Trainee: 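Handing you a structure now.
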Amino acid sequence: MSNTPSQEAQELTAMLKRRGFIQPAYELYGGTAGFYDYGPLGQALKRRFEDLWREHYVIQEGFGEVSTPTIAPEPVFQASGHLDQFDDVLVECPGCRTGTRADHMLEDEFQRLAHELENNIQTLTEDAETDEDVQALIWARERIMQTLDEGRATVETEADEDTIRELLAIPTQNQQAPITGVEETHSHLDLTLLPCAYQITDTRHDDIILAGEITCQQCGHGLPREATVAPFNLMFATRIGPGDSDPGYLRPETAQGLFVNMPWLYRYHREKIPFGAVQIGRAYRNEISPRQGLIRLREFWQAEAEVFVDPNDKTHPRFDAIKTTNVPLVPADNDPLETTLETAVEKGIIKNQQVAYYIARTQQILTQAGIHPDRLRFRQHESDEMAHYASDCWDAEFQSQRYGWVECVGIADRGCYDLEKHQKESNDSMEAFRRYDEPQTQRVTRIEPDMGTLGPTFKKDAGTIAEKLKNLDPETIPNDEPLTLTLNNETIEIPPDAYEIIDEEQTVHGETFLPHVIEPSYGIDRILYAILEHAWKPSEDRNRLQLPPRMAPIQVGILPLVSKDGLPKKAQTIETTLKQHGIHTRYDDGGSIGRRYARLDEIGTPLAITIDHQTLEDDTVTVRDRDTQNQTRTPTNDLPTKLLPILNGQATFNDL
RNA sequence: GCGGCCGUGGUCUAAUUGGUAGGACUAGGGCCUUCCAAGCCCUCGGCCCGGGUUCAAAUCCCGGCGGCCGCACCA
């Protein structure tokens, strides 16, 4: 969807650099793709967005904000799946040196083979001489088509192997031919067609062996039977401490820092579900070929929230407040539509209220930040596009004049994926407790081994036997006969005094469960680009950055009309007052007044106050509105109380 | 990662067939100036990096880095 950058977009890029918003990093040394610097204005803009985000998630939602390290030891990503699944497997063609993703290549190859086999069988069926052959081919065809999707095909037929090979035109002398692993079992042949022919042996840190007869799609060069293909993991690797013993990685998302702290955060939130935790920070992905400025970076900023919810209850307590919100949706398997969130959840387009709620939240934040509502939509991931952890996922996408629709927020129902993996990897509980409304009593029958007897009798096997006993169903314990167990292929007899059957009443107050996680994840850099592009209003006589006032890096310009007659001094006094109220000002007495207004318009400063000779007489100044260029006169003393509401977005210039 | 095009002050751009860089805008200083990029004077600032060919390279050749476009990729 990339176009040649328009004149407008190029001018925006130039302005962003000239005025100190952003520029490619390390230009001094030739630049490094995928890294950007935020200058004074860009950083200020980013802070304003972060503060807006915090206002929604930390203040209004009440989620605790944390800050965790950007480097994590290997087990974290072993658990999260990033080490195994967060990579692309690349095959390099020795002919044209094109790198292709191995899994994509195999997929294409299976498709091609499917068609070829289909055709072969079609013609061969017509030529088949005996009914048996025809029957065999029909079976073969059905099974092949049925199972080809899985990358393997099993053919059951009464015809012998040679007939099949011949009829399918498969050379027998070639060990790597699509039919391998032929086994004769009773009256049918089990032909395992594809997995041996095109086998990816993924041993992770070793090379991957690709066997088979595949030609490069780019140049037609045959790939060698055992082309080595390397997994390209998108994480930056490093070493923690000296030596190679302790590998670490720069985090590819801030989320893991929240997951690993789930028990801590659960206690902080006084063991109540649902609760949320958030983090704003840097994340790293070693992209193969980053381009498109802020859109694809190797080091970027995320603002992520993890909301831990009860899997049995994904309603949202404040859903009523947002249910009539209209949102433009692009569902995975339906036409785009605009509907209320209530309808979308009722119709099952959005899976649950929790996801819907954060879609609404996201819409609020992004539009408040200055993304145009008509150029914002929510698109559902196709099932094959979904990350390895997600069960439902919606992307907020903004429409860029330059890059087309670009995702900038992902709202995913990650289920219990992450917590389960970390629980397993760490052997620590990630569970929460669900208290019943009424404690429940239940009769429990269980077997209690008597170690005092088992120990001396069975010595070192006692522990294993005790485990086995506990796992027996008490119902199956014979009453009269001795109890027997199989241990190490031996049958042993357990005397009745070595265990006790306990039948008791237990009171249960609740149960533990793994919470599910709803994750709204914001890509800050992309959002900032969206804000800038949507706010950019170039024209022949003046360029204007129409930022919402609360996003503006510089809030108020302070301009003495002329730099004499004591006007600069008066202006600086006023500026000091405004600064004391926390207003970010910029004093400028250089050049004509028009030039100075233009400079402020270009960086999105919403208000400018001008100190003129009348100020010296009656202590009033003019306040100028960036968007309309209108001016109104205001007493100096009223400035802080009048300007602050405008800058916070609670009032407009017309309220002055 | 592949292919095509490209790389001159902060930005845009000029420099016959090789002869060591000129302009505009911006910015800084000054003059002038009573409200929207006015004018005048002065100033700062450049050949992406490294190698090669040559008496001499912004220019030709090779490599690297970066950019744009296409392909590919994008949990």
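Convention: sequence-line order gives letters A, B, ...; per-chain numbering from 1. All values below come from the heavy atoms of this structure, side chains included, with hydrogens, waters and symmetry mates left out. In this text, all values refer to a predicted model and were calculated from it rather than measured experimentally.
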Trainee: So, A/Arg285 side chain and A/Pro252 main chain: donor-acceptor pair closer than 3.5 Å or not?
Mentor: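 A pair under 3.5 Å: yes.
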Trainee: Which sits closer to the 5' end of RNA chain B, A/Lys17 or A/Gln614, going by the nucleotide each is nearest to?
Mentor: A/Lys17
Trainee: Salt bridge check: are A/Glu253 and A/Arg414 linked by an N-O gap of less than 4.0 Å?
Mentor: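 Looking at A/Glu253 and A/Arg414, the cut-off is met.
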Trainee: So does A/Gln401 get a backbone contact from the side chain of A/Glu533, meaning a donor-acceptor N/O pair under 3.5 Å?
Mentor: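 Yes, the answer is positive, given that a donor and an acceptor are paired below the 3.5 Å cut-off.
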Trainee: Write down the distance separating the C1' atoms in B/rC44 and B/rC5, rounded off to the nearest Å.
Mentor: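 After rounding to an integer number of Å, I get 34 Å for this pair.
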Trainee: C1' atom, B/rG30 versus B/rU16: distance in rounded Å?
Mentor: 41 Å
Trainee: Write down the distance between CD (A/Gln23) and P (B/rG9), rounded to a whole number of angstrom.
Mentor: 14 Å
Trainee: Considering heavy-atom distances to RNA chain B, does A/Ser563 or A/Gly34 have its closest nucleotide positioned more toward the 5' end?
Mentor: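 Of the two residues, A/Ser563 wins.
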Trainee: Take atom CZ of A/Phe35 and atom P of B/rG67, then tell me their distance rounded to the nearest Å.
Mentor: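 The answer, rounded to whole Å, is 11 Å.
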Trainee: Taking the P atom in each of B/rG28 and B/rC69, what is the distance between them to the nearest angstrom?
Mentor: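 Pairwise P distance, B/rG28 against B/rC69, rounds to 33 Å.
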Trainee: Looking only at the aromatic ring of each residue, does the gap between the centers of A/Tyr529 and A/Tyr36 stay below 6.0 angstrom?
Mentor: no
Trainee: For nucleotides B/rG46 and B/rG50, find the distance between their P atoms and express it as a whole number of Å.
Mentor: 15 Å
Trainee: When the P atoms of B/rG4 and B/rU13 are considered, how many whole Å apart are they?
Mentor: 24 Å
Trainee: Starting at CD1 of A/Ile603 and ending at P of B/rU26, how long is that distance when rounded to a whole Å?
Mentor: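 Atom CD1 in A/Ile603 sits about 17 Å away from atom P in B/rU26.
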Trainee: Looking only at atom types and distance, does a side-chain atom of A/His82 sit under 3.5 Å from a main-chain N or O of A/Leu234, one as donor and one as acceptor?
Mentor: no
Trainee: Distance between the C1' atoms of B/rG18 and B/rU59, in whole angstroms?
Mentor: 6 Å
Trainee: Sugar-phosphate atoms are those with a prime plus P, OP1 and OP2; base atoms are the rest. Using that split, label each nucleotide of nucleotides 35-49 of chain B B, S or - for protein heavy atoms under 4.0 Å, 5' to 3'.
Mentor: BBBS-----------
Trainee: How does RNA chain B read in dot-bracket, base by base from 5' to 3', with Watson-Crick or G-U pairs under 3.5 Å and | used when the partner is on another strand?
Mentor: (((((((..((((.....[..)))).(((((.......)))))....(((((..]....))))))))))))....
Trainee: I want to check a possible cation-pi pair here: A/Arg379 against A/Trp405, using under 6.0 Å from ring centre and within 45° of the ring axis as the test.
Mentor: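 The answer is no, since A/Arg379 fails at least one limit relative to A/Trp405.
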Trainee: Considering only atom C1', compute the distance from B/rG9 to B/rG22 and round it to an integer number of Å.
Mentor: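 Looking at atom C1' only, B/rG9 and B/rG22 are 12 Å apart.
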Trainee: Checking A/Asn286 against A/Tyr284: is there a side-chain donor and acceptor pair closer than 3.5 Å?
Mentor: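 Checked: A/Tyr284/A/Asn286 side chains show no N/O donor-acceptor pair below 3.5 Å.
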Trainee: Spell out, as yes or no, whether a donor-acceptor pair under 3.5 Å connects the side chain of A/Thr70 to the backbone of A/Leu250.
Mentor: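 Not a single qualifying donor-acceptor pair exists.
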Trainee: Given atom CG of A/Asp589 and atom C1' of B/rU33, what is their separation to the nearest angstrom?
Mentor: 13 Å
Trainee: Please report the distance separating the C1' of B/rC62 from the corresponding atom of B/rC68, rounded so that it comes out in whole Å.
Mentor: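 One C1' to the other, the span is 23 Å.
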Trainee: When the distance from CD of A/Glu11 to C1' of B/rU26 is rounded to whole Å, what number comes out?
Mentor: 14 Å
Trainee: Okay, side chain of A/Gln302, backbone of A/Thr254: is any donor-acceptor separation there less than 3.5 Å?
Mentor: yes
Trainee: Indicate yes or no: does A/Asp655 engage A/Lys642 in a salt bridge with an N to O separation below 4.0 Å.
Mentor: no
Trainee: What is the distance from CG of A/Leu567 to C1' of B/rU33, rounded to the nearest Å?
Mentor: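 Value for this atom pair: 12 Å.
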Trainee: Write down the distance between CZ (A/Arg298) and P (B/rC73), rounded to a whole number of angstrom.
Mentor: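 Distance check: A/Arg298 CZ to B/rC73 P gives 17 Å.
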Trainee: Could you tell me how far apart A/Asp37 (CG) and B/rG10 (P) are, to the nearest whole angstrom?
Mentor: 15 Å
